[in-house]
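These numbers come from the heavy atoms of this one structure, side chains and all, not from hydrogens, waters or symmetry mates. Residue indices begin at 1 and follow the sequence shown.
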Amino acid sequence: MAAFLPPGVVFIPNDEILIGYYLANKNNEELHIFNGSHMIKEMNLYDTDPFELRHCTTGFWKKKGNVRNITNADNVVLGTKTLFVFYLGKSPNDSERTNWTMYEYALANNPQARFVLCRVFDCPIEMEVDDEFGPISDVDETDCDESDNELEKFHL
């Protein structure tokens, strides 16, 4: 990914840009290539282990907390953000939580959107989850070490 950027430039878009620009343009059937479209690749993350990102599954993604709205400066809801954590194992009874975290971004009020955007990263999660209100403290990949792996992908 960094090979397409000039030295010193980092690709760290905020939630509003991910939904309002990248995801909206990706779901626009008339727009096949747009500025920055090469930055994010397509794949199905739900059928892939995060540490391999190939066609091998040893676990599952579990939703944590509530779905959050992402708004623009005018307070218009652009989309939603959902937090998932990867568990090793085939069922909730025999699974082990990992440090792999995924944010899933979806467009608001667009049931025909073919794509969602996912941000996957390996980062220790130290949060308490309130069943009614979701995560008490949101995970932020900027809290991870520089050596942590961050991948940003579309999925079908």
Side-chain angles (χ1 to χ4, degrees), residues 1-87 98-123 125 127 129 132-135 137-156:
M1 210 183 309
F4 298 108
L5 297 173
V9 177
V10 180
F11 181 69
I12 306 177
N14 64 22
D15 294 347
E16 183 180 341
I17 293 171
L18 285 173
I19 291 176
Y21 180 77
Y22 288 98
L23 189 55
N25 285 335
K26 185 65 179 176
N27 279 289
N28 182 344
E29 292 185 16
E30 297 173 9
L31 192 61
H32 298 287
I33 296 177
F34 53 92
N35 188 16
S37 62
H38 66 281
M39 298 296 295
I40 301 174
K41 296 177 175 64
E42 292 180 26
M43 70 182 311
N44 188 338
L45 288 175
Y46 293 112
D47 292 338
T48 309
D49 288 339
F51 41 85
E52 295 202 9
L53 292 173
R54 294 189 194 111
H55 299 289
C56 170
T57 56
T58 60
F60 58 93
W61 291 100
K62 182 177 179 182
K63 180 181 157 192
K64 292 289 186 180
N66 295 328
V67 176
R68 297 179 183 209
N69 287 334
I70 303 299
T71 58
N72 64 12
D74 297 326
N75 231 9
V76 174
V77 176
L78 300 174
T80 60
K81 178 179 178 179
T82 307
L83 172 67
F84 292 86
V85 175
F86 191 77
Y87 285 78
T98 70
N99 290 336
W100 286 95
T101 303
M102 174 172 65
Y103 285 133
E104 179 188 82
Y105 299 90
L107 292 175
N109 305 320
N110 191 344
Q112 298 196 351
R114 293 183 50 221
F115 295 95
V116 298
L117 187 133
C118 295
R119 176 177 267 176
V120 177
F121 51 97
D122 182 11
C123 184
I125 301 172
M127 74 168 73
V129 176
E132 185 177 349
F133 299 105
S137 62
D138 204 3
V139 176
D140 185 354
E141 56 273 21
T142 58
D143 295 334
C144 300
D145 293 335
E146 289 180 21
S147 62
D148 289 334
N149 188 15
E150 180 184 328
L151 301 164
E152 298 182 28
K153 305 288 180 188
F154 284 109
H155 88 275
L156 294 171

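- The backbone N or O of Asp74 lies less than 3.5 Å from a partner atom in the side chain of Asn72, making a donor-acceptor pair.
- Residue-environment remark: CG (Asn14) exceeds the threshold of 12 foreign heavy atoms within 6.0 Å.
- Minimum heavy-atom separation, Ala106 to Ile19: O-CD1, 4.2 Å.
- The side-chain heavy atoms of Asn69 and Thr80, taken from C-beta on, include a pair separated by under 4.5 Å.
- Atom OG1 in Thr82 sits 9.0 Å away from atom CE in Met102 (nearest 0.5 Å).
- The nearest pair of heavy atoms linking Tyr22 to Pro13 is CE1-CB, 4.5 Å.
- With hydrogens and angles disregarded, no donor-acceptor distance shorter than 3.5 Å links the side chain of Asn99 to the backbone of Asp122.
- Leu83 places a side-chain heavy atom less than 4.5 Å from the side chain of Thr101.
- Once rounded to the nearest 0.5 Å, the distance linking CG of Leu117 with CG of Asn27 reads 10.0 Å.
- With contacts defined as side-chain heavy-atom distances shorter than 4.5 Å, the pair Arg119/Leu18 qualifies.
- Nearest heavy-atom pair across Leu107 and Ala113 is CD1-CB, 4.3 Å.
- Atom-to-atom distance recorded for Leu78:CG and Asn109:CG is 10.5 Å, nearest 0.5 angstrom.
- One finds the CD1 atom of Ile70 at 11.5 Å from the CG atom of Leu23 (value rounded to the nearest 0.5 Å).
- Applying the salt bridge (Lys or Arg N to Asp or Glu O under 4.0 Å) definition to pairs two or more places apart or across chains, those involving residues 8-24 are Asp15-Lys81.
- A distance of 4.5 Å separates OG1 in Thr58 from CZ in Phe86, rounded to the nearest 0.5 Å.
- Using cut-offs of 30° and 60° for the angle between ring planes, the Tyr87 and Phe60 rings count as parallel.
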